[in-house]
Peer 1: 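Supplied in structure tokens, the structure appears directly below.
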Amino acid sequence: MELEGKNAIVTGSTSGIGLGMAEALAQAGCNIMLNGLGDADEIEETRAKLADETQRNVLFSPANMLEPEQIAEMVATARSELGSVDILVNNAGIQHVAPVEEFPVAKWDAIIGINLSAAFHGIRAAVPHMKNQGSGRIVNLASAHALVASPFKCAYVAAKHGLAGLTKTVALEVAEHHITVNAICPGYVLTPLVEGQIPDTARSRGISEEEVKRDVLLAAQPTKEFVTIEQIGALAVFLCGDAAASITGAILPVDGGWTAQ
Ligand code: NAD
């Protein structure tokens with residue numbers, strides 16, 4: 001298997017894209033440390049199912065991405081329990097939509113904390129270890145919003161642009177240690193988070209759910225199709241493999257042509 005025996009942390013992997021990347025990495029041979037929020041029984045079910053299906057060692061860290069010490073502890077635990085940290089995927093993220101003058105300060109702080117600063121804390125904790133072992137892969141889940149803006153998403157767009165800057169800077173710092181750092185920038189992906197918004201938007205605009213998908217969510221996405229979780233998972237696996245050793249500091253759109261416009 002392509003990534004046989006590698007050990008990977010995927011933050012925010014109790015649902016959506018993070019879980020999809022964890023599944024893809026485990027199917028490619030990685031042991032996994034899952035992380036995220038949610039119901040403890042459901043998380044244990046997810047963990048046990050992934051371990052059972054892939055016959056990999058799958059652990060869970062409850063680290064809150066707003067707490068730097070818990071992030072460092074998550075990396076230390078992955079090292080001691082899995083044996084190393086070969087791959088760090090910074091994926092946890094939240095969103096809030098409001099005009100800038102009404103944007104709740106607490107939401108700004110949380111979005112910058114989870115979507116940007118958590119990646120810094122994870123990288124800061126993992127890089128010394130990756131340098132020691134002379135290899136590593138860091139994948140940051142950014143967004144098309146790392147490259148272009150949309151109104152009413154000031155904190156999210158600022159955090160994702162910041163994550164692109166962090167990606168490029170760290171890539172330069174660690175390049176000679178055979179560690180790569182890249183950002184994946186999806187357009188709209190049909191995760192539970194996005195799916196949950198469709199009925200409400202349909203009701204509030206008086207249009208059908210199909211119209212919400214095509215004319216609202218996919219208005220900027222020329223393919224008029226959602227990016228799939230599987231496509232993001234496959235790219236994450238590729239970036240973590242040997243064939244991607246020369247791809248570093250890259251900000252990679254996976255957005256159906258959105259940012260080509
Ligand atoms: P999601 O809501 O399904 O998953 C988010 C994950 O982050 C969950 O596991 C959640 O528990 C975790 N999380 C949230 N706050 C946390 C905290 N304080 N500590 C630890 N974990 C926390 O969302 P998703 O759509 O799968 O998004 C995953 C990433 O992909 C995010 O960074 C998001 O910005 C990015 N993204 C999503 C889309 C999309 O269309 N869905 C598009 C581009 C980028």
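No hydrogens, no waters, no symmetry mates; every other heavy atom, side chains included, goes into these values. Computed from a prediction, not measured in an experiment: that's the story for all the values here. When a ligand or atom number is given, it counts from 1 through the structure's own listing order.
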Peer 1: Against Ile123, only a single residue in Thr169, Val174, Val170, Ile179 fulfils side chain to side chain contact (heavy atoms under 4.5 Å, CB included); can you say which?
Peer 2: Val170
Peer 1: Counting only heavy atoms not in Glu45, do more than 12 fall under 6.0 Å of its CD?
Peer 2: no
Peer 1: In a simple table, one pair per line, please give the protein and ligand 1 atom names for every N or O pair closer than 3.5 Å, along with the distance.
Peer 2:
residue, atom, partner, partner atom, Å
ligand 1, 3 (O), Ser15, OG, 2.7
ligand 1, 4 (O), Ser15, OG, 3.4
ligand 1, 9 (O), Gly12, O, 3.2
ligand 1, 9 (O), Thr14, N, 3.3
ligand 1, 9 (O), Thr14, OG1, 2.7
ligand 1, 11 (O), Thr14, OG1, 3.2
ligand 1, 11 (O), Leu37, N, 2.9
ligand 1, 11 (O), Leu37, O, 3.4
ligand 1, 18 (N), Asn64, OD1, 2.9
ligand 1, 19 (N), Met65, N, 2.9
ligand 1, 25 (O), Thr191, OG1, 3.0
ligand 1, 26 (O), Ile17, N, 2.8
ligand 1, 32 (O), Asn91, O, 2.7
ligand 1, 32 (O), Lys160, NZ, 2.9
ligand 1, 34 (O), Tyr156, OH, 2.6
ligand 1, 34 (O), Lys160, NZ, 3.0
ligand 1, 40 (O), Val189, N, 2.8
ligand 1, 40 (O), Val189, O, 3.3
ligand 1, 41 (N), Val189, O, 3.4
ligand 1, 41 (N), Thr191, OG1, 3.4

Peer 1: Strictly distance-based, threshold 3.5 Å: is any side-chain N or O of Gln133 a donor or acceptor partner for the main-chain N or O of Val85?
Peer 2: yes
Peer 1: Please answer whether the main-chain N or O of Gly241 pairs with a side-chain N or O of Arg137 as donor and acceptor at a distance below 3.5 Å.
Peer 2: yes
Peer 1: Between the main-chain N or O of Asn64 and the side-chain N or O of Gln70, is there a donor-acceptor pair closer than 3.5 Å?
Peer 2: yes
Peer 1: Pick one: which of Asp86, Asn7, Asn57 meets side-chain hydrogen bond (donor to acceptor under 3.5 Å, both in side chains) with Asn31?
Peer 2: Asn7
